[in-house]
Amino acid sequence: MVRANGAVSLRELARVVQTSEVTVRRDVRALEAEGLLDRRHGGAVLPGGFTRESGFPQKSHLATAEKTAIADLAASLVEEGEAVVVGAGTTTQELARRLARIPGLTVVTNSLLVAQALAHANRVEVVMTGGTLRGSNYALVGSGAEQSLQGLRVTRAFLSGSGLTAERGLSTSNMLSASVDRALVQAAAEVVVLADHTKLGTDTMFQTVPTDLISRLVTDEPPAHDDRAATELQALADQGVRIAVAGGSSAGVSGTGAGSGAGSVAGAGGSGGEAHQAGRQSRRDVPLPGQRRTHTAGPGPGPTSGGPGSPLRSAGASLASQEPGERARVADLRRR
């Protein structure tokens with residue numbers, strides 16, 4: 001499976017071979033000792049230090065439940081009438097399917113799969129970049145894609161990648177994809193990274209978003225035994241990244257009563273509509289120690305520049321206070 005896909009998660013291996021993750025982890029450790037693969041946080045990759053990129057058919061079957069939970073949580077950050085950028089990837093494709101339910105959006109993307117997911121959405125305008133089609137992930141890349149993003153200004157960019165570390169930030173295995181992702185970042189006032197726990201601590205060849213430009217990470221609950229993933233999350237939080245964890249059975253929900261089942265996500269305002277509000281998932285936000293630097297990508301006035309009443313100013317206000325449950329989360333990560 002590692003040879004075919006380039007990378008695989010322990011959860012997926014356990015599911016395929018119908019055994020426990022403990023057994024899979026022991027076997028992966030033995031295979032690593034033989035030089036047949038390298039262990040990574042929550043998974044395994046081909047040996048050689050940097051992971052190579054898997055094709056779309058392989059990636060679409062990896063960590064599917066985690067990607068669904070991440071997409072549900074990320075969609076709750078988006079308000080009616082916003083303009084956002086959505087990059088290429090299987091997790092962002094899941095996000096696009098949920099954005100189709102939010103009216104009044106403008107979505108800029110270089111991904112054919114994202115555009116397809118939004119093609120029949122009512123009152124959602126899709127703007128595609130130019131560029132050359134890269135068949136392995138159905139994305140438009142190259143100078144045409146980058147030039148079409150010049151002068152663009154949106155509220156948020158939602159990006160995925162092949163790996164995420166506190167030291168280098170988000171990275172990918174392809175130079176052309178990395179270059180377009182950097183152009184997408186320059187168009188956004190806030191950068192939200194979508195990455196499941198298997199990507200935490202994984203480093204790939206081309207950096208796309210340095211850590212200090214990542215405003216928020218939306219990820220899933222790492223396995224209890226995955227100390228390295230917890231350590232990486234804490235390191236990212238210490239560098240100023242706001243972390244929202246989806247799908248955790250013990251996740252605290254701020255702003256809701258116990259057992260309500262509908263959590264609020266910091267940075268999401270209250271104008272999203274009843275159906276959208278009801279679909280929001282429980283989450284944990286790990287606020288940053290100290291003041292968060294605000295990344296402003298390029299000049300240009302507009303409602304996304306952080307003026308009074310803007311979604312960005314609301315995000316900062318709602319994250320200014322730290323709930324007791326959130327403090328406990330940080331303490332728990334440090335103990336682990």
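Hydrogens, waters and symmetry mates are skipped; everything else that's a heavy atom, side chains included, is used. Fair warning: this is a prediction, and the values are worked out from it, not measured in the lab.
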Is the shortest side-chain heavy-atom distance between [X] and [Y] below 4.5 Å?
X: R216; Y: E190; value: yes
X: R242; Y: L217; value: no
X: T23; Y: S20; value: yes
X: N137; Y: S177; value: yes
X: L105; Y: L99; value: yes
X: R11; Y: P223; value: yes

Crowding at CZ, R29 (>12 non-hydrogen neighbours, <6.0 Å)
yes

Does a sphere of radius 6.0 Å around CD in E32 hold more than 12 heavy atoms from other residues, nucleotides or ligands, not counting ones at 6.0 Å or beyond?
yes

Can D196 and T198 be counted as having a side-chain donor-acceptor contact under 3.5 angstrom?
yes

With no hydrogens and no angle check, just 3.5 Å: does a side-chain donor-acceptor pair link K67 and T90?
yes

Quick one: closest heavy-atom pair of [X] and [Y], and the distance?
X: S111; Y: G87; result: CB-O, 4.2 Å
X: L149; Y: A183; result: CD1-CB, 3.7 Å
X: M128; Y: L112; result: CE-CD2, 3.5 Å
X: V218; Y: L77; result: CG2-CD1, 4.3 Å
X: G130; Y: S148; result: N-OG, 3.4 Å
X: T172; Y: T208; result: CG2-CG2, 3.6 Å

Using side-chain contact (heavy atoms from CB on, under 4.5 Å), reason through V241 and D212 one step at a time and then give a plain yes or no.
CA-CA 8 Å; V241 179; D212 63 343; over 6 Å; no

Applying side chain to side chain donor-acceptor pair (under 3.5 Å), run through T165 and E232 and close with a yes or a no.
CA-CA 7 Å; T165 65; E232 200 71 49; 5.0 Å; no

Are the side chain of [X] and the backbone N or O of [Y] linked by a donor-acceptor pair below 3.5 Å?
X: T211; Y: G169; value: yes
X: Q207; Y: L170; value: no
X: S76; Y: L73; value: yes
X: R168; Y: T204; value: yes
X: D220; Y: A246; value: no
X: T219; Y: A195; value: yes
X: T109; Y: V86; value: yes
X: N110; Y: T129; value: no
X: E82; Y: E79; value: yes

Evaluate side-chain contact (heavy atoms from CB on, under 4.5 Å) for T92 paired with L159, printing each intermediate quantity in order.
CA-CA 7 Å; T92 52; L159 298 176; 5.9 Å; no

Residue list, side chain to side chain donor-acceptor pair (under 3.5 Å) with R97, at least two apart or on another chain
E94

